[in-house]
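Atoms within each ligand, like the ligands themselves, are counted from 1 in listed order.
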Amino acid sequence: MGKDVIIACDFPGKEQTMSFLDNFKDEKPFVKIGMELFYAEGPAIVREIKSRGHKIFLDLKLHDIPNTVKRAMSVLSSLDADIVNLHAGGAIPMMEAAIEGLTRPDGTRPLLIAVTMLTSTDQQTMERDLLINSPIENTVLHYALNAKKAGLDGVVCSPLEAGKVHENCGTDFLTVTPGVRFADGEKGDQKRVMTPEQAKKIGSDYIVVGRPITAAADPVEAYRRCVREFVDNA
Ligand code: C5P
């Protein structure tokens, strides 16, 4: 599995998304479609971006009873996304059902990755609201191991956790990491960040980059810089 840069297309609608993608004439970046865009535009936005030649990470974070997730995953699989995800908090039976639903009659399926603990949840929130008392790092690793047991391909995690996840779950288990910023860039609301180069060193397989590219004066150059720092000169 090669390393790649995924652009988080956090736009409110199709028009803004397409005019952003129109900037790219020579390359077809991997694109992340999240809930906002998907709920606004429906499955057609996935088909349209796919038909322009982009790979797609459909970031919808499913979490429901196994049967419902299985059936929903089968619909997402037919959209031909390249990566889809769910919450590991739905537990192993839900994750196993997700794989079943995703698998097409010919045996192929999109990659399936899990969100472990949301990065918006800290130790205190986890203990107070979720009644989980073990250290958050252990919880993240335990959820990652559950995802592996269920047959998933990897997890979304902070680049700071990528090394530990690989140590515990194997180097083939994918780490998809948001929270990436250029060394000389704005952090915005992200607190624990890494540069593309640091994310590469620590072993991230994919970095998910939003505003450092989407809000850049020259998004194509910002994308190329990410690729140079994260993918090239490996
Ligand atoms: O603009 P920025 O680079 O911060 O965008 C990062 C993307 O990754 C956003 O789509 C955000 O929702 C997503 N993400 C994140 N942290 C997580 C999980 C997802 O930033 N833990």
Side-chain angles (χ1 to χ4, degrees), residues 4-13 16-17 20-21 29-41 45-46 49 54-63 81-90 111-123 125-126 130 136-137 139-141 143-144 147 152 154-165 174-200 202 204-219 221-227 229-230:
D4 211 346
V5 174
I6 303 178
I7 304 180
C9 281
D10 294 322
F11 297 108
Q16 298 91 332
T17 309
F20 170 74
L21 292 177
F30 209 127
V31 163
K32 178 171 92 74
I33 299 177
M35 288 187 216
E36 183 187 11
L37 185 57
F38 188 81
Y39 290 150
E41 301 291 348
I45 192 78
V46 181
I49 297 178
H54 298 271
K55 285 189 174 169
I56 293 178
F57 168 19
L58 198 47
D59 179 19
L60 299 180
K61 301 187 180 72
L62 277 67
H63 190 170
D82 298 276
I83 306 180
V84 298
N85 65 356
L86 46 63
H87 273 286
L111 291 172
L112 179 60
I113 61 177
V115 176
T116 55
M117 192 57 68
L118 289 170
T119 46
S120 51
T121 303
D122 60 12
Q123 183 76 37
T125 314
M126 199 180 71
L130 306 178
I136 196 156
E137 295 78 9
T139 312
V140 165
L141 285 177
Y143 281 22
L152 270 68
V155 288
V156 183
C157 63
S158 150
L160 299 153
E161 290 157 358
K164 270 256 150 57
V165 169
L174 300 174
T175 52
V176 179
T177 62
V180 174
R181 291 293 179 268
F182 292 121
D184 53 2
E186 292 278 322
K187 278 186 32 184
D189 54 356
Q190 294 281 17
K191 294 200 171 65
R192 302 191 306 144
V193 298
M194 271 196 184
T195 65
E197 208 166 11
Q198 289 167 329
K200 176 167 94 174
I202 209 154
S204 294
D205 296 290
Y206 294 88
I207 49 172
V208 176
V209 188
R211 288 159 294 177
I213 297 176
T214 56
D218 184 345
E221 181 40 40
Y223 171 72
R224 288 183 181 156
R225 182 175 171 191
C226 278
V227 171
E229 291 188 15
F230 182 69

With respect to M117, which candidate in T125, I136, D122 satisfies the side-chain contact (heavy atoms from CB on, under 4.5 Å) definition? I136
State which residue, out of I83, D205, V155, fulfils the side-chain contact (heavy atoms from CB on, under 4.5 Å) condition with I113. I83
Does atom NZ (K164) have a neighbourhood of more than 12 heavy atoms from anything else shown, all under 6.0 Å? no
Should we say atom CD of E186 is surrounded by more than 12 heavy atoms from elsewhere, each under 6.0 Å from it? no
Name the orientation class of the two ring planes belonging to F11 and F20 (parallel below 30°, tilted from 30 to 60°, perpendicular beyond 60°). tilted
Pair R211 + D189: basic N to acidic O under 4.0 Å: yes
Please tabulate protein-ligand N/O pairs under 3.5 Å for ligand 1, atom names and distances to 0.1 Å.
residue  : atom   : partner : partner atom : Å
ligand 1 : 1 (O)  : R211    : N            : 2.7
ligand 1 : 1 (O)  : R211    : NE           : 2.7
ligand 1 : 3 (O)  : R181    : NH1          : 2.9
ligand 1 : 3 (O)  : G210    : N            : 2.8
ligand 1 : 4 (O)  : R181    : NH2          : 2.8
ligand 1 : 4 (O)  : Q190    : NE2          : 3.0
ligand 1 : 4 (O)  : R211    : NH2          : 2.7
ligand 1 : 10 (O) : D10     : OD1          : 3.4
ligand 1 : 10 (O) : D10     : OD2          : 2.7
ligand 1 : 10 (O) : K32     : NZ           : 2.9
ligand 1 : 20 (O) : Q190    : NE2          : 2.8
ligand 1 : 21 (N) : T119    : OG1          : 2.7

